[in-house]
2 protein chains.
Amino acid sequence: MKDFTSPISVKRIAEPTVRRLSLYLRFLEDFEKAGRATISSGELAHVGHTTSAQVRKDLSFFGSFGKRGLGYDTGALTAQIRRILGLDRTWKVVIVGAGKIGSALAQHRGFRERGFDVVGIFDVDPHRVGYMLDGVSISDVKGLEAIVRRLEAEIAVLAVPPEVAQGIATRLSKAGVHAILDFSTEPLKVPADVTVRSMNLAMEMEILSFALANR
Amino acid sequence: MKDFTSPISVKRIAEPTVRRLSLYLRFLEDFEKAGRATISSGELAHVGHTTSAQVRKDLSFFGSFGKRGLGYDTGALTAQIRRILGLDRTWKVVIVGAGKIGSALAQHRGFRERGFDVVGIFDVDPHRVGYMLDGVSISDVKGLEAIVRRLEAEIAVLAVPPEVAQGIATRLSKAGVHAILDFSTEPLKVPADVTVRSMNLAMEMEILSFALANR
DNA sequence: CCTAGATTGTGAAGGATTTCACAAGCCCCA
DNA sequence: TGGGGCTTGTGAAATCCTTCACAATCTAGG
C-alpha cells in the first residue's frame, strides 16, 4: 500500500486529496448533467461537505483551472480531474474469485461505465470455470499469470478467502499487476511498486461500532 | 459522517487511530491463536506496517495496558481493544437491498462471527420479499421504520441503487438507526448523530487509477 | 538484593494537512 | 473606461497526527 508521488512534479499528493478529487468529479458530472456551465469552489465544497479553501487547495496542486470572479467551467474542470485521476483512458481489470462478492462485482454496471474494463475472471472451483459472467468467461486460477500477462491487465480485484489472498496477491504482482483492490480482511504484503486498497468490511463495521459505543 | 468523540474523556479520537485498533485486534487474535502469551508494541507494529511508538500512542488514549519491560498480555489487550471498539457485545444489523451485494453480505459469515447480528433484510422487489437469506426472511421495504424500531436495530447496511440511497438513509435515521454502512456512490446527508461509512467501489478504483497514472 | 536488558507511557518535536485571509483578476454595467 | 461585486490562487497560521527520545519500571539471573 504505497506512495502517491507525482512523476515530474516533485510534490507528493496526499491520499485525502485524491479521495476528494474523486468526489468532486462525481458532483461535477451531476452539475454538468443539470446543465450548469460554471461552478464555484464554494458550491463544490457545499455538496462535498468541505470548505471552498479546501477545494481550491486540492486543485491548486495540479494547476489553476478557474477564472477569478467566475468560478470553474464545469466541463473543463470535469475533464481536468478525469485526466488527473487517470480516467481519460480505460483500465483493464481482472477479478480473482467468482464467489458471492466476485460475481456481484463482475456484473456491476458502474465498472465499465467508469472506464474499468473487466477482461478476466478467475476461480479455483472447477464447477465455476468455463461459465460466463457478464460476457467474460471464468478461467481456472492456475492460468492466472499467463492470462494476466497476455491480457496486459493492470488492475486486479481480489475477492478470495483470506487464507489465499496473500498468495494470489504475490502472483498478481509477479504477473505485472500494479494495483489491487482487496476485499479480504488481512492486510497484504506486496512489492513497493504495487498499490493496494482494501475494502475491509469488518474494519468499517468496527469503526461504526466504536462510534456507537462512544457516543 | 461524523464525529469520533469520547463521552466522558474529553479527548477526541482520530479516525486513523480507530482504524489501527481494528487492525491490532486482528493481529492479536492471530497471536492468541498461535499461543503467544505476551506481545510487544514492536511486534504489533511490525505486522501492522507502523511504528512501535504509534502503537503505544494509540493505546495510550484509552489507558495503560502494558507492563514495562515485558509488553502486553495478549488476551488482556485483545479484551481491552474489543471493549474500546464496542465489540464486547453484539449489534443488531439490518441490510437494506437484497440485490447482488446485499444478498452476498447477508450470507457473509464474518458478520455474525464478529458480533454483528443480521436481524432484518429489506427489498422493494415483491419477487424477493418473503424469501429467506441465511435464516432471515426478506421484508418489504415499506415496513422499514416499523420493523427497524421493533427490532431495535442499531446499524444499517445500505446496498440499494444510488437514486434511492438518500431516501432510505433518511428513513433509517428517523427510525433510530445511528450507524450506516453505505455501498452507494453518492455521499449521504444524515443528521449529526448518525455515523456513515462509505464503501465506495468507484472511489477506490479511481484512487488506484490515480496511483497507476502517476507512477 | 542488585544489575543488565527490555519495553512501556508520554511530553515535546516534527511533519502533514487544513483553514485563514487577502491580493490579484475577471465580469458586468453604467 | 472605471468601479463594484465576486471568486480564485496561495503564502502563512493553525490544527491535527506521527515520530522521537527518554525516564520509569518490569523481569530475570546471579
Side-chain angles (χ1 to χ4, degrees), chain A residues 1-6 9-24 27-28 31 36-74 76-77 80-81 84 207 210, chain B residues 1-6 9-24 28 31 36-74 76-77 80-81 84 207:
Chain A
M1 199 185 307
K2 272 282 77 65
D3 228 348
F4 280 81
T5 31
S6 213
S9 45
V10 191
K11 55 184 178 289
R12 215 191 70 97
I13 302 300
E15 188 193 307
T17 296
V18 181
R19 181 177 299 281
R20 282 189 300 267
L21 286 177
S22 167
L23 263 187
Y24 302 156
F27 298 134
L28 282 166
F31 278 111
R36 294 287 309 272
T38 67
I39 185 153
S40 72
S41 59
E43 291 172 286
L44 223 33
H46 181 73
V47 290
H49 296 112
T50 179
T51 66
S52 64
Q54 180 75 80
V55 172
R56 295 197 301 279
K57 183 65 96 181
D58 286 339
L59 294 174
S60 77
F61 294 127
F62 303 96
S64 37
F65 309 122
K67 275 211 179 60
R68 290 164 195 242
L70 239 204
Y72 303 87
D73 178 281
T74 313
L77 187 56
Q80 285 292 352
I81 295 183
I84 291 165
I207 295 174
F210 176 83
Chain B
M1 197 185 306
K2 272 283 75 67
D3 229 351
F4 280 80
T5 30
S6 216
S9 45
V10 190
K11 55 183 178 291
R12 215 191 71 98
I13 302 301
E15 189 193 308
T17 296
V18 181
R19 182 177 297 283
R20 283 189 299 266
L21 286 176
S22 168
L23 263 186
Y24 303 156
L28 282 166
F31 278 111
R36 294 288 310 274
T38 67
I39 186 154
S40 72
S41 59
E43 292 171 286
L44 223 34
H46 182 71
V47 289
H49 294 113
T50 179
T51 66
S52 65
Q54 181 75 80
V55 172
R56 297 198 299 279
K57 182 64 91 182
D58 286 339
L59 294 174
S60 77
F61 294 126
F62 302 96
S64 38
F65 309 122
K67 275 211 179 60
R68 290 166 194 239
L70 240 205
Y72 302 88
D73 178 282
T74 314
L77 187 57
Q80 285 291 353
I81 295 184
I84 292 165
I207 296 174

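Chain letters run A, B, ... following the sequence lines, proteins first and then strands; every chain starts at 1. FYI, side chains are in, hydrogens and waters are out, and symmetry mates aren't considered; it's all heavy atoms of this structure. As the structure is a prediction and not an experimental result, all values here were calculated from the model.
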Any idea which of D/dT19, C/dG9, C/dT7 is nearest the B/Thr50 side chain?
D/dT19
Under a 4.0 Å heavy-atom criterion, the protein footprint on nucleotides 20-30 of chain C, written with B, S and -, is BB-BBBBS---
Within this structure, what is the CZ-to-C1' distance between A/Arg20 and C/dT17, rounded to whole angstrom?
8 Å
Might you point out which heavy atoms bring B/Ser41 and B/Ser52 nearest each other, and give the distance in Å?
OG-CB, 3.5 Å
Using whole Å, report how far CG of A/Leu59 lies from P of D/dT7.
16 Å
Can you tell me how far P of D/dC16 sits from CD of B/Gln54, to the nearest Å?
17 Å
Output a table of donor-acceptor pairs, distance under 3.5 Å, between side-chain atoms of residues 60-73 of chain A and any protein atom two or more places apart or on a different chain; print 'none' if there are none.
from	atom 1	to	atom 2	distance (Å)
A/Ser60	OG	A/Lys57	O	2.7
A/Asp73	OD1	A/Gly75	N	3.1
A/Asp73	OD1	A/Ala76	N	2.8

For B/Asp73 and D/dC26, give me the distance from atom CG to atom P, rounded to whole Å.
16 Å
Holding to side chain to side chain donor-acceptor pair (under 3.5 Å), I want the full list of residues that pass it with A/Thr50, two or more places apart in sequence or in another chain.
none
Send over the distance from B/Asp58 CG to C/dG9 P, rounded to a whole Å.
12 Å
Output all residues satisfying side chain to side chain donor-acceptor pair (under 3.5 Å) with A/Ser22, sequence neighbours left out; order by chain, then residue number.
B/Glu206
Would you work out how much the helix from C/dC1-D/dG30 to C/dA30-D/dT1 bends between its ends, with each end axis defined by five base pairs, to 10 degrees?
0°
Whole angstroms only, please: what is the CZ-P distance between A/Phe61 and D/dT8?
16 Å
Gap separating the OG1 atom of A/Thr74 from the CZ atom of A/Phe27, nearest 0.5 angstrom
14.0 Å
Pick the nucleotide of DNA chain C nearest each of B/Ser41 and A/Pro16; which residue has the one closer to the 5' end?
B/Ser41
Under the side chain to side chain donor-acceptor pair (under 3.5 Å) test, which residues partner A/Arg19, sequence neighbours left out?
A/Glu15
Could you pull out all residues at least two apart from A/Glu43 that satisfy side chain to side chain contact (heavy atoms under 4.5 Å, CB included)?
A/Arg36, A/Ile39, A/Ser40
Whole-Å distance, A/Glu15 CD to D/dC17 P, equals 15 Å
Rounded off to whole Å, could you give me the CZ-to-P distance for the B/Phe65 and C/dT8 pair?
14 Å
D/dG9 OP1/OP2 closer than 4.0 Å to side-chain N/O of A/Tyr72
yes
For A/Ile81, give me all partners under side chain to side chain contact (heavy atoms under 4.5 Å, CB included), at least two apart in sequence or on another chain.
A/Leu21, A/Tyr24, A/Leu25, A/Leu28, A/Leu59, A/Leu77, A/Leu85
